[in-house]
Amino acid sequence: MADILVISPHPDDAEIHAGGLIAAHIRMRRSVVICDATAGELGSRGTQAGRAQEAEAAAQELGITTREQLGLPDGYLNASDLQQRAIIISAIRRHRPAVIVALSEHARHPDHIALAGLVRGAVKAAALHKLPAPGDHPAWGGARLWFVEAELPLVATLLVPLTAEDWGRKMRAVRCYGSQLHQPGSTAPVTSISQPGFVEWIEARGRERGHHAAAPYAEALMGPEAARISDLCSVS
């Protein structure tokens, strides 16, 4: 069983958008698993093999011991595809997490938008005992779903405060994806991630969220349902 299952569209998305909360929970001795839905094989920069190596290096930087590739088609994620949903259901049942984190559908990339819909449906479907999925794992309905801020600003309902050490681990993990980031003199196609100011934007967003969380840094999340809190005094 995993405490937290992070389901990411492509290698690098988990680190860019949720790397801080991953580092923080590993620091708190929580078990965290990353499942990359695709291998990023259609990425404008780098190669599939190179990105796999970068993902492994980033996982080591964060302290992740389990990272899986789900093998869904890059560029063709579809929130209505039942076969794709079944693969995500299988991952949920296999890891039996207490919490699932996925990118918010408030995004530009079509894979980010589609995966949010796939995960949203899979969380409930994973609890249906008679619904088949690869691997024939028992149904699992004990997970709470949170959507982490993607490339567009999120109206957050939860901020995860992060220490400078947590943030440092996140940024070292992000920098493992050298093929995707800015490289002076590179002739590879320019993307939003390869812009010279991308890393600085991630840093600025973390600091701005941290200001509101009374911490050096923070990452923002939103739940698809109202949070269930029995003791209001326990909420900081």
Side-chain angles (χ1 to χ4, degrees), residues 4-23 32-62 64-79 81 83-88 90-92 94-95 100-120 122 134 147-152 169-183 186-199 201-202 219:
I4 299 175
L5 174 61
V6 180
I7 304 178
S8 166
H10 314 96
D12 74 13
D13 285 319
E15 292 82 1
I16 290 171
H17 302 288
L21 71 86
I22 292 171
V32 182
V33 172
I34 296 176
C35 284
D36 296 311
T38 80
E41 63 270 19
L42 293 185
S44 300
R45 300 167 67 93
T47 65
Q48 182 174 339
R51 292 188 74 171
Q53 293 175 345
E54 292 172 340
E56 178 60 29
Q60 292 180 12
E61 193 66 62
L62 289 171
I64 294 289
T65 58
T66 303
R67 183 170 202 156
E68 296 181 355
Q69 172 54 241
L70 298 184
L72 297 180
D74 186 18
Y76 294 94
L77 295 185
N78 183 339
D81 190 309
Q83 291 183 332
Q84 293 183 12
R85 190 186 71 175
I87 291 173
I88 297 172
S90 179
I92 294 171
R94 184 167 62 253
H95 294 292
I100 296 172
V101 175
L103 264 64
S104 165
E105 61 194 341
H106 187 52
R108 293 192 182 96
H109 196 299
D111 279 347
H112 296 186
I113 298 168
L115 186 62
L118 282 167
V119 173
R120 187 190 298 268
F147 290 112
V148 69
E149 189 169 43
E151 58 266 35
L152 296 179
R169 284 187 176 275
K170 169 195 172 91
M171 296 309 296
R172 289 193 296 273
V174 169
R175 290 188 175 93
C176 287
Y177 293 94
S179 69
Q180 306 302 303
L181 300 177
H182 179 64
Q183 298 173 336
S186 173
T187 59
V190 176
T191 68
S192 58
I193 295 177
S194 73
Q195 297 283 353
F198 177 76
V199 172
W201 170 71
I202 292 293
E219 286 172 341

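Quick caveat: nothing in here was measured; it's all calculated off a predicted structure.
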H106 to A150 - nearest heavy-atom pair and separation: O-CB, 4.0 Å
Side-chain touch V6/V148, heavy atoms, less than 4.5 angstrom: no
CG-CD1 distance between L77 and I113, expressed to the nearest 0.5 angstrom: 11.0 Å
Between OG on residue S8 and CD1 on residue I16, distance to nearest 0.5 Å: 8.5 Å
Any C176 side-chain heavy atom under 4.5 Å of E56 side chain: no
Flag, side chain of H17 to backbone of E149, donor-acceptor distance under 3.5 Å: yes
Heavy-atom closest contact (G75 atom, L42 atom, distance): CA-CD1, 4.2 Å
H109: partners by ring pair (Phe, Tyr, Trp, His ring centres under 6.0 Å), with sequence neighbours left out: H10, H112
L181 versus V174, closest heavy-atom pair with distance: CD1-O, 3.6 Å
Check: T38 side chain, L72 main-chain N or O, donor-acceptor pair, under 3.5 Å: no
Point-to-point distance, once rounded to the nearest 0.5 Å, from CG of L118 to CD of E105: 11.0 Å
Salt bridge (charged side-chain N to carboxylate O under 4.0 Å, His left out): pairs with one or both residues in residues 106-116, sequence neighbours excluded: none
Heavy-atom side-chain proximity of L103 to L115 below 4.5 angstrom: no
Whether Q48 side chain and A39 backbone form a donor-acceptor pair below 3.5 Å: no
Counterpart residues, side chain to side chain contact (heavy atoms under 4.5 Å, CB included), relative to A173 (two or more places apart): E15, A58, E61, L62
Short side-chain to backbone donor-acceptor contact, Q180 and S194, under 3.5 Å: no
Any side-chain heavy-atom pair of I202 and M171 under 4.5 Å: yes
Which atom of D74 lies closest to which atom of G43, heavy atoms considered: OD2-N, 3.6 Å
Rounded distance [0.5 Å steps], CD1 in I34 versus CD1 in I4: 11.0 Å
Salt bridge (charged side-chain N to carboxylate O under 4.0 Å, His left out) pairs, two or more places apart, involving residues 34-55: D12-R51, D36-R67
Non-hydrogen side-chain atoms of D81 and Y76 separated by less than 4.5 Å: no
Heavy-atom pair with the smallest gap, counting every atom of A23 and R169: CB-CB, 4.0 Å
Side chain to side chain contact (heavy atoms under 4.5 Å, CB included) partners for T66, two or more places apart: V33, E68, H95
Nearest atoms (heavy-atom pairs only) where A116 meets S104: CB-C, 4.2 Å
Partners meeting side chain to side chain contact (heavy atoms under 4.5 Å, CB included) with P110 (sequence neighbours left out): none
